[in-house]
Structure formats: C-alpha cells, structure tokens
Amino acid sequence: IIGRIIGTRRKRKTHINRQHTTLTNPKTAKRALMGLLMGAGLFFLGHCGERRLPGYGSLQNPNVEAPRQELLPASAQPEYLRFGGKVYTLYPRARYELEGLIVSQHRSESVWDSMHERTGDYLNSRDFCIIWGRLLSEGLYEEMSFRSGDWTCYAQAPASIAGRVDYRELANNHVLAKDDTIRAALDGIEKGDEVRIVGRLVDYDIDGMPMRKTSLVRDDTENGACETLFVESVSVIASHGKWWKRVRLFGRGLFLLSL
C-alpha cells in the first residue's frame, strides 16, 4: 500500500512538472507573444482605418442631389407599433428619399450612449450623419471633421474652405426601423459607406410621453434640426469601410486566442 501511495505521488508530481514545462516552453510563449502583438497591431490598424473617410476619387457616386421630400396631408393617420416592450405612435409627415455618404454615425447600444437607455427609445437604433451636394462633388468633406453624439452630429470646416461649405448639404438622421431585415441591414452600415435610404419622416412618442418631432427643412440648426426617418428600404451603393472592419475583428480574435 505504501509503495502504491508513493508511486501515485511520484506519478502526480511528474504530471505536474510536465504541465509546467509545457506552459513555460519558450517556443509556446514566443508564439503567444507574437500572436498578442500581431492581434493588437491589426486591431489598432483596422480601428484607425475605420475612422478614415474614403477619398473623393474612390466614391462611387459623388454627384448626389439633395434629399427628395413629399409632404403628406395633415389627415395622414398615425400608426401604432410595439417594440422592445414599448408602444410607439408614429405621425407621418413626409415621404423621404435620401442618398449620400455617411461621414459619422452613432449606435444607440454603444457604451457611450446614455439617452436612449434613459428614455427607453429602442426603435431608434442608429443615427447617420449624411452629406451630399458640393460637400461631395467638390471633395470638401475631405478637409472637414465630423463626429456624432447621442442625438447630434458635429461638423467643422477649416477657414480655408469655410466660405464654400453649405451646411444645408448635411443632415443628422435618427433612424427608426421595426423590420428585422431592415434593422440588420442598418446595423451592417459603417462610416464611409455610400447609401440610399427610403422611408417616411415622422413625429413619434413612446408610451404617450412627450413627442419627438422631425425636421422638414435642411437649413435649421441645433435642437429639432434632425430628420426622424422611419426606414422602409435601405441599400448600400458602395462600402468603403468593410475591409478595415474585417482587419479589426481579425486582430481582436487573434489577440484573444493568444491570451
């Protein structure tokens, strides 16, 4: 019995040592370190690439006109829909068709978002800041900076082109959609994509709370200047950021696998 116990202990000790040797194998550690460094590098490269807008020369359609809008009669009936445990009442105001370049965007599920969770607005999954007109056709956007907040798009132009920039050729769109296919398509859109979106501009409320209203003009600013767009169809004319996104995701996966 004693011999068996000792033998078992020796065997277990040998097994533990073998594991320790495997974990501290210089070749294994070197491969893991290389994976971590490569993964981090690719993640950073993809992240930086995603933040850049496509150059004017790579645009599929730089000659985009202003959105097409057709006002609906005041008698248009409201629509009711349930989403995310909330009841939304939509008040249609106009038919709307928009085409242009997404220069900035905001995701409502982002960790940086606070307003959508606070207000319980789950139907508004994305905000797209989109440009058209001379901002595109003359490549002015390449010298500008854009960023998005919870419900806001910020655009800034340097003094050298300030006199040529028409901020009526830019709009921040609160995008609403219930259909799962459309929501998935919207979720796949990235900054730098050229898109066409068709739907209706709507005012809406959630569970009878104060109404959010859409803008019906392009020359307003500050609060209430955004278009609230219930999407009926969406298409990507050209995707310029997908490759960088793949690089970022591959880098993240490689980094995690190397831990």
Side-chain angles (χ1 to χ4, degrees), residues 46 50 60 67-69 72 76-132 146-153 171-209 211-215 226-246 248-249 252:
E50 282 184 305
Q60 184 78 17
R68 290 170 284 281
Q69 177 177 304
L72 293 171
Q77 293 298 306
E79 298 180 25
Y80 305 91
L81 59 89
R82 182 178 294 274
F83 188 84
K86 303 285 185 179
V87 176
Y88 293 78
T89 306
L90 309 182
Y91 303 87
R93 300 295 305 280
R95 299 288 308 171
Y96 199 65
E97 183 175 347
L98 169 67
E99 184 177 330
L101 176 70
I102 295 181
V103 293
S104 183
Q105 67 165 327
H106 177 77
R107 297 175 181 265
S108 62
E109 75 273 15
S110 165
V111 295
W112 311 112
D113 183 277
S114 60
M115 294 303 297
H116 287 82
E117 182 67 28
R118 190 182 308 169
T119 59
D121 190 351
Y122 306 110
L123 194 65
N124 174 207
S125 61
R126 305 288 288 278
D127 274 18
F128 291 140
C129 188
I130 299 179
I131 63 171
W132 59 85
F146 307 90
R147 65 183 179 89
S148 292
D150 282 8
W151 282 324
T152 311
C153 176
N172 190 48
N173 302 268
H174 304 316
V175 175
L176 315 175
K178 182 182 180 182
D179 181 85
D180 289 340
T181 301
I182 292 177
R183 288 182 70 87
L186 292 170
D187 192 54
I189 291 174
E190 302 292 342
K191 173 182 174 180
D193 286 352
E194 297 175 67
V195 299
R196 181 183 295 109
I197 304 175
V198 178
R200 288 168 294 164
L201 296 180
V202 299
D203 301 332
Y204 72 101
D205 63 41
I206 309 169
D207 288 342
M209 298 298 286
M211 185 185 301
R212 292 189 68 188
K213 294 190 175 184
T214 184
S215 170
C226 299
E227 283 66 36
T228 303
L229 178 56
F230 186 78
V231 179
E232 297 172 347
S233 69
V234 57
S235 57
V236 177
I237 299 168
S239 181
H240 300 281
K242 296 291 187 186
W243 190 85
W244 291 113
K245 181 179 181 180
R246 293 188 186 115
R248 174 176 61 82
L249 294 177
R252 184 180 69 176

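- Taking the side chain as every heavy atom from C-beta outward, I131 and F146 approach each other to under 4.5 Å.
- The salt bridge (Lys or Arg N to Asp or Glu O under 4.0 Å) check on R93 picks up D203, with sequence neighbours excluded.
- Applying the side chain to side chain contact (heavy atoms under 4.5 Å, CB included) rule to T89 yields the partners P78, Y80, Y91, D205; only residues at least two apart in sequence or on another chain are considered.
- By the 6.0 Å contact criterion, CE on M211 is enclosed, its count of non-hydrogen atoms from other residues, nucleotides or ligands being greater than 12.
- Under a 3.5 Å cut-off, the side chain of N173 and the backbone N or O of A171 do form a donor-acceptor pair.
- You'll find the side chain of E99 reaches within 4.5 Å of the side chain of I237, heavy atoms only.
- Residues satisfying the side chain to side chain donor-acceptor pair (under 3.5 Å) criterion with T228, sequence neighbours excluded, are absent altogether.
- For A185, the side chain to side chain contact (heavy atoms under 4.5 Å, CB included) test picks out V234, with sequence neighbours left out.
- Considering L81, I182, T214 in turn, L81 is the only one that fulfils the side chain to side chain contact (heavy atoms under 4.5 Å, CB included) rule with F230.
- Taking Q60 as the reference, nothing meets the side chain to side chain donor-acceptor pair (under 3.5 Å) condition, with sequence neighbours excluded.
- Distance CG/N124 to CG/L176: 5.5 Å, rounded to 0.5 Å.
- Listed by chain and number, the residues in a side chain to side chain donor-acceptor pair (under 3.5 Å) with T152 amount to none (sequence neighbours excluded).
- Considering only heavy atoms from C-beta on, I189 comes within 4.5 Å of V195 through its side chain.
- Taking the side chain as every heavy atom from C-beta outward, R212 and H174 approach each other to under 4.5 Å.
- Partners of E194 by salt bridge (Lys or Arg N to Asp or Glu O under 4.0 Å), not counting sequence neighbours: none found.
- Listed by chain and number, the residues in a side chain to side chain contact (heavy atoms under 4.5 Å, CB included) with D207 are K86, V87 (sequence neighbours excluded).
- For R147, there are no side chain to side chain donor-acceptor pair (under 3.5 Å) partners, not counting sequence neighbours.
- Between V175 and D127, every side-chain heavy-atom pair lies at or beyond the 4.5 Å cut-off.
- The structure places CZ of R196 at 9.0 Å from OG of S233, a figure rounded to the nearest 0.5 Å.
- Cysteines C153 and C226 are not disulfide-linked, with SG atoms at least 2.5 angstrom from each other.
- Side-chain contact between Y88 and D121 is present, with at least one heavy-atom pair separated by less than 4.5 Å.
- A search for salt bridge (Lys or Arg N to Asp or Glu O under 4.0 Å) contacts involving E232 returns R95, R200, not counting sequence neighbours.
- Of the possible donor and acceptor atoms, none in the side chain of S239 sits under 3.5 Å from a partner among the backbone N and O of D193.
- For the pair S125/R183, a side-chain contact is recorded, criterion being any heavy-atom separation below 4.5 Å from C-beta on.
- Atom OH of residue Y96 and atom CD1 of residue I197 lie 9.5 Å apart, to the nearest 0.5 angstrom.
- Contact of the L98 side chain with the F128 side chain is not registered, since no non-hydrogen atoms from C-beta on lie closer than 4.5 Å.
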